[in-house]
> 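This is the structure I have questions about; it appears just below.
The first residue of the sequence shown is numbered 1, and numbering continues consecutively from there. For ligands, and for the atoms within them, numbers begin at 1 and follow the listed sequence.
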Amino acid sequence: MSKKYKHNYTLGIETSCDETAIAVVKDGNKVVTEQISSQVNIMEKYGGVVPELSARQHIISLPILFNLCFKNRRELLKKITAIAVTKEPGLPPCLATGIAYAKGLGFGLKVPVIEGNHLTAHVCSVLIDNPEPPLKPQNWADKITFPHISLVVSGGHTTLFLVDSPTKTTLIAKTLDDAAGEAYDKVARLLGLGYPGGPVIEKLIDFHQKTKTEGCFLEKNPFTVPVTNDPYHFSFSGLKTAVRRLIFETFEKINKRQALSLDAEKIGKTLPHKIKAEIAYWFQETVIESLVQKTLNAATRANVELITITGGVAANKRLREKMAKEAAKEGIKIRYPPLKHCTDNAAMVACAGYYQFISQTGK
Ligand code: KG4
Ligand code: ZN
């Protein structure tokens with residue numbers, strides 16, 4: 001079934017949520033071409049992803065991105081060895097559009113279609129060679145050693161894996177309720193900010209850092225790091241509820257009257273920018289404390305020398321900084337992909353598909 005070429009060119013397709021992406025990756029690590037279209041502007045007004053609307057958008061975007069990838073590279077199309085597509089987990093109507101498109105392309109190009117796991121793709125995103133200094137030391141992929149612990153932290157997942165190889169991952173912890181990115185998105189909404197929550201909360205925290213010398217409304221962290229019955233797992237929904245409660249308490253304190261509405265978003269919007277920034281700061285500190293503590297625990301228990309952080313929340317500056325600092329104390333290194341491969345993308349899907357393909361076929 002597969003074509004005989006000196007090199008493997010895997011075409012990756014990603015449509016599990018609100019990003020449509022197509023990429024071609026050579027031999028599992030070199031990005032030859034990649035295109036991505038985000039639906040963030042469309043979903044912003046709904047404060048989250050509407051699955052059917054998103055699926056319809058994928059159908060529109062896929063052929064456009066495909067043409068952008070191959071417009072001046074028709075010869076590359078002939079070299080494609082396999083197509084990798086996200087099968088699960090994700091929003092069912094969105095996944096279905098990518099799978100149907102991949103199957104059509106596979107049939108047309110006469111190459112196998114590999115259906116892969118979205119989380120495994122995030123785990124593999126650190127293996128992609130990327131010439132983006134200063135994030136990339138020389139031979140980025142060579143620096144990834146096995147086994148290692150991978151924290152996949154996004155809008156849909158907060159999961160720890162023990163990674164023995166790109167195709168052998170063992171789940172060791174997950175969130176029992178909301179994902180960390182989902183908590184950022186929900187808290188941003190409660191504070192009347194935009195979507196997605198992570199970047200807008202980071203920006204608000206930058207404002208807090210600049211203005212905190214002028215005095216603070218919150219003297220210490222009003223939140224506690226979430227505790228779970230099983231200490232290895234994560235939980236963020238209680239923290240989101242604590243933010244909601246704090247918004248009401250703060251409103252009542254500064255206005256010296258009870259809030260007339262029970263709508264936290266409405267009340268949150270009325271709070272002064274500086275106080276919102278303080279709430280965002282302590283919320284983030286609490287989320288990151290939990291992520292760092294549990295990831296380091298997992299790494300020391302597994303006795304590994306490397307932690308990788310992937311997924312949308314891996315773009316967070318404070319998470320990177322704190323994880324690096326705490327991991328260094330234990331003699332553990334950390335690695336994360338360049339920003340464009342932290343959030344959903346097709347290069348990671350192609351990369352994971354490549355390893356799946358060679359482990360199944362030996363080619
Ligand atoms: O991996 P991703 O693109 O999609 C999912 O599979 O969920 O991650 C999107 C999530 C959103 O919840 C977004 O708020 C969060 O990643 N995110 C961030 C940052 N950038 C994106 N969270 C914290 N800090 C950031 N800088
Ligand atoms: Zn993702």
> Please check: side-chain N/O of Thr308 versus main-chain N/O of Leu151, any donor-acceptor pairing under 3.5 Å?
no

> Within less than 4.0 angstrom of ligand 1, does Glu19 place any heavy atom?
yes

> Ignoring hydrogens and geometry, is there a side-chain-to-backbone donor-acceptor pair from Thr175 to Thr158 under 3.5 Å?
no

> For ligand 1, which atoms have a heavy atom of His122 less than 4.0 angstrom away?
1 (O)

> Would you say Gln284 contacts ligand 1, with heavy atoms under 4.0 Å as the rule?
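Gln284 does not count as a contact of ligand 1 under the 4.0 Å cut-off.
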
> In terms of residue, atom name and distance, what is the protein heavy atom nearest to atom 24 (N) of ligand 1?
Asn316 ND2, 3.0 Å

> Using distance alone, determine whether Pro199 and ligand 1 share an N or O pair under 3.5 Å.
no

> Whether Arg189 engages the ring of Tyr184 as a cation-pi pair (distance to the six-membered ring centre under 6.0 angstrom, angle to the ring normal within 45°) should be assessed.
no

> For atom 15 (C) of ligand 1, which protein heavy atom lies nearest, and how many Å away is it?
Val313 CG2, 4.0 Å

> Of all the non-hydrogen atoms in the protein, which one sits nearest to atom 17 (N) of ligand 1, and at what distance?
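For atom 17 (N) of ligand 1, the nearest protein heavy atom comes out as Gly312 O, 3.6 Å.
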
> Look at atom 3 (O) of ligand 1 and say which protein heavy atom is nearest, naming residue and atom and giving the distance to 0.1 Å.
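Atom 3 (O) of ligand 1 sits closest to the protein heavy atom Asp344 N, 3.1 Å.
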
> State, yes or no, whether a side-chain contact exists between Gln39 and Thr20 at a heavy-atom distance under 4.5 Å.
yes

> Do side-chain atoms of Asp18 reach the backbone of Val40 as a donor and acceptor pair under 3.5 angstrom?
no

> Please report which non-hydrogen protein atom sits nearest to atom 9 (C) of ligand 1, along with the residue it belongs to and the distance in Å to one decimal place.
Gly155 N, 3.8 Å

> Count, excluding waters, the protein N, O or S atoms that are closer to the Zn ion (ligand 2) than 2.8 Å.
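Number of qualifying protein atoms: 3.
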
> Under the side chain to side chain contact (heavy atoms under 4.5 Å, CB included) test, which residues partner Val200, sequence neighbours left out?
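Val200 satisfies side chain to side chain contact (heavy atoms under 4.5 Å, CB included) with Ala188, Leu193 only.
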
> Which of the numbered atoms in ligand 1 are below 4.0 angstrom from a heavy atom of Gly181?
12 (O), 14 (O)

> Nearest heavy atom to atom 11 (C) of ligand 1: which of Leu91, Asp185, Val287, Val187 does it belong to?
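Among Leu91, Asp185, Val287, Val187, the closest heavy atom to atom 11 (C) of ligand 1 belongs to Asp185.
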
> Please determine whether side-chain hydrogen bond (donor to acceptor under 3.5 Å, both in side chains) holds for the pair Asn345 and Ser125, giving the CA-CA distance in whole Å, both sets of side-chain angles, and the decisive distance to 0.1 Å.
CA-CA 9 Å; Asn345 65 88; Ser125 61; 5.8 Å; no

> Below 4.5 Å, heavy atoms only, C-beta onward: do Leu11 and Thr81 meet side chain to side chain?
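No, their side chains stay 4.5 Å or more apart.
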
> Suppose we measure from atom 26 (N) of ligand 1 to each protein heavy atom; which comes out shortest, and what is that distance?
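Going by distance alone, atom 26 (N) of ligand 1 is nearest to Glu202 OE1, 3.0 Å.
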
> Could you list the atoms of ligand 1 found under 4.0 angstrom from a heavy atom of Thr343?
1 (O), 3 (O)

> Is the distance from the ring center of Tyr46 to that of Tyr195 below 6.0 Å?
no

> Go through the structure and list residues passing side chain to side chain contact (heavy atoms under 4.5 Å, CB included) with Lys168, not counting sequence neighbours.
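Checked Lys168 against side chain to side chain contact (heavy atoms under 4.5 Å, CB included); matches are Asp164, Ser165.
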
> Would you mind checking which non-hydrogen protein atom is closest to atom 22 (N) of ligand 1, with the distance to 0.1 Å?
Gly198 CA, 3.3 Å

> Run the contact test for His118 against ligand 1 with a 4.0 Å cut-off on heavy atoms, strictly below, and give the result.
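The answer is yes: ligand 1 sits under 4.0 Å from a heavy atom of His118.
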
> Is it true that Ser16 and Glu14 share a donor-acceptor pair across their side chains at a distance under 3.5 Å?
yes

> Can you find a non-hydrogen atom of Gly156 under 4.0 Å from ligand 1?
yes

> Taking only residues two or more places apart in sequence, or in another chain, which ones meet Ala23 in a side chain to side chain contact (heavy atoms under 4.5 Å, CB included)?
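Side chain to side chain contact (heavy atoms under 4.5 Å, CB included) list for Ala23, sorted by chain: Glu34, Ala346, Ala347.
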
> Does some side-chain heavy atom of Val32 sit less than 4.5 Å from a side-chain heavy atom of Val25?
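They are not in contact (no side-chain heavy atoms under 4.5 Å apart), so the answer is no.
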
> Between His118 and Asp344, does a side-chain hydrogen bond (donor to acceptor under 3.5 Å, both in side chains) hold up when you go through it step by step?
CA-CA 9 Å; His118 182 71; Asp344 288 350; 3.1 Å; yes

> Can you tell me which portion of His157 lies within the under-4.0 Å heavy-atom range of ligand 1? Options are side chain, backbone, both, or neither.
neither

